[in-house]
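Step one of this worksheet: look at the structure below.
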Amino acid sequence: MRTTMTGPGRARAAAAVAGAILVAGCGGAVQPGAATPAAPPAPAPTAFGKEAALADLAAATAAAGLPGETAALSPTPPAPTDPADPPATDRERARDEVEARMAACGVGWSSPNGPGSAQDRAEARKRFHAALAGLVERGWKEFRPTEEVALGKGSMVMAQYKKQEWTLHARHFESGLLDMATMTATEDACANRFTDAELDLLED
């Protein structure tokens with residue numbers, strides 16, 4: 001789904017015309033046939049891109065007190081292989097190539113992957129929801145309702161938001177001593193270049 005954005009240009013143009021009429025009324029009548037001053041062109045809306053998405057993530061998580069890092073996505077370097085391991089299959093190599101291309105589409109934030117106490121976990125969940133509220137304050141709109149699902153012996157909270165032509169996925173996972181959260185914002189036009197078959201590779 002795409003969101004059509006409307007800029008303030010029309011309102012500004014109308015205000016300029018109304019201002020011209022008021023000035024003419026105060027200073028004298030407009031002569032018949034006189035040219036009406038053209039309204040100044042409205043400035044083009046600022047494009048929302050990778051730097052702006054990264055700034056939103058950094059600001060929302062920092063305001064919520066969530067520890068972690070925001071960065072442009074980059075492919076994870078392959079782990080060292082054991083000579084005794086079998087060589088990578090064609091499917092594995094194709095998946096690595098898709099992951100590298102997909103990394104260029106967005107930005108992300110992730111919390112430290114460390115264990116925490118039950119009290120710490122409750123506070124982390126509270127701050128996670130505070131960060132989501134911070135994103136809403138910065139213009140991100142809920143695209144799918146936030147839901148919590150059971151996952152193994154733990155649970156995961158999932159949320160999805162959109163802003164202009166970007167989609168953001170947020171997740172908070174708890175299981176045993178593991179407590180971690182991630183937020184990933186992806187540019188729709190970039191992600192739409194991938195085929196269903198390529199996206200299926202990422203599910204492996």
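Note that the structure is a prediction, hence the values are computed from the model and not measured.
Between Val136 and Lys141, every side-chain heavy-atom pair lies at or beyond the 4.5 Å cut-off. In this structure the side chain of Thr167 never reaches within 4.5 angstrom of the side chain of Glu187, judged on heavy atoms. For the pair Val157/Glu147, no side-chain contact is recorded, criterion being any heavy-atom separation below 4.5 Å from C-beta on. Contact of the Lys163 side chain with the Phe143 side chain is not registered, since no non-hydrogen atoms from C-beta on lie closer than 4.5 Å.
Put simply, NE2 on His129 and NE2 on His172 are 8.5 Å apart, with the number rounded to the nearest 0.5 Å. How far OG1 of Thr182 is from NE2 of His169: 10.5 Å, rounded to the nearest 0.5 Å. Atom CG of residue Leu54 and atom CH2 of residue Trp109 lie 13.5 Å apart, to the nearest 0.5 angstrom. Summarising the geometry, atom OG belonging to Ser111 is positioned 9.0 Å from atom CE belonging to Met183; distances are rounded to the nearest 0.5 Å. Separation of atoms CE (Met102) and CZ (Phe194) is listed at 4.5 Å; rounding is to 0.5 Å. Put simply, OG1 on Thr70 and CG on Leu57 are 7.0 Å apart, with the number rounded to the nearest 0.5 Å.
Summarising the geometry of Arg138 relative to Ala59, their closest heavy-atom pair is NE-CB, 3.3 Å, with the distance given to 0.1 Å. In terms of heavy atoms, Asp200 sits closest to Arg91 at O-NH2, 4.2 Å. Of all non-hydrogen atoms in Leu66 and Ala124, the two that sit nearest each other are CD2-O, 4.1 Å. In plain terms, the two heavy atoms of Ala131 and Ala64 that are nearest each other are N-CB, 3.5 Å. In terms of heavy atoms, Ala181 sits closest to Phe128 at CB-CD1, 4.0 Å.
Using modelled atom types, one side-chain atom of Arg127 and one backbone atom of Gly65 make a donor-acceptor pair closer than 3.5 Å. In this structure, the side chain of Trp166 engages the main chain of Phe48 through a donor-acceptor pair within 3.5 Å.
Trp140 and Asp56 are linked by a side-chain donor-acceptor pair at a separation below 3.5 angstrom, with hydrogens and angles left out of the test. Lys153 and Ser175 form no side-chain donor-acceptor contact under 3.5 Å, judged by distance and modelled atom types alone.
Contacts of Glu97 classified as salt bridge (Lys or Arg N to Asp or Glu O under 4.0 Å), with partners at least two apart in sequence or in another chain: Arg101.
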* **side-chain contact (heavy atoms from CB on, under 4.5 Å) assessment of Leu168 paired with Lys162** => CA-CA 6 Å; Leu168 183 144; Lys162 290 188 75 71; over 6 Å; no
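Between Asp179 and Arg125 there is no salt bridge, since no side-chain N of the basic residue sits under 4.0 Å from a carboxylate O of the acidic one. Here Arg93 does not pair with Asp96 in a salt bridge; the nearest charged N to carboxylate O distance is not below 4.0 Å.
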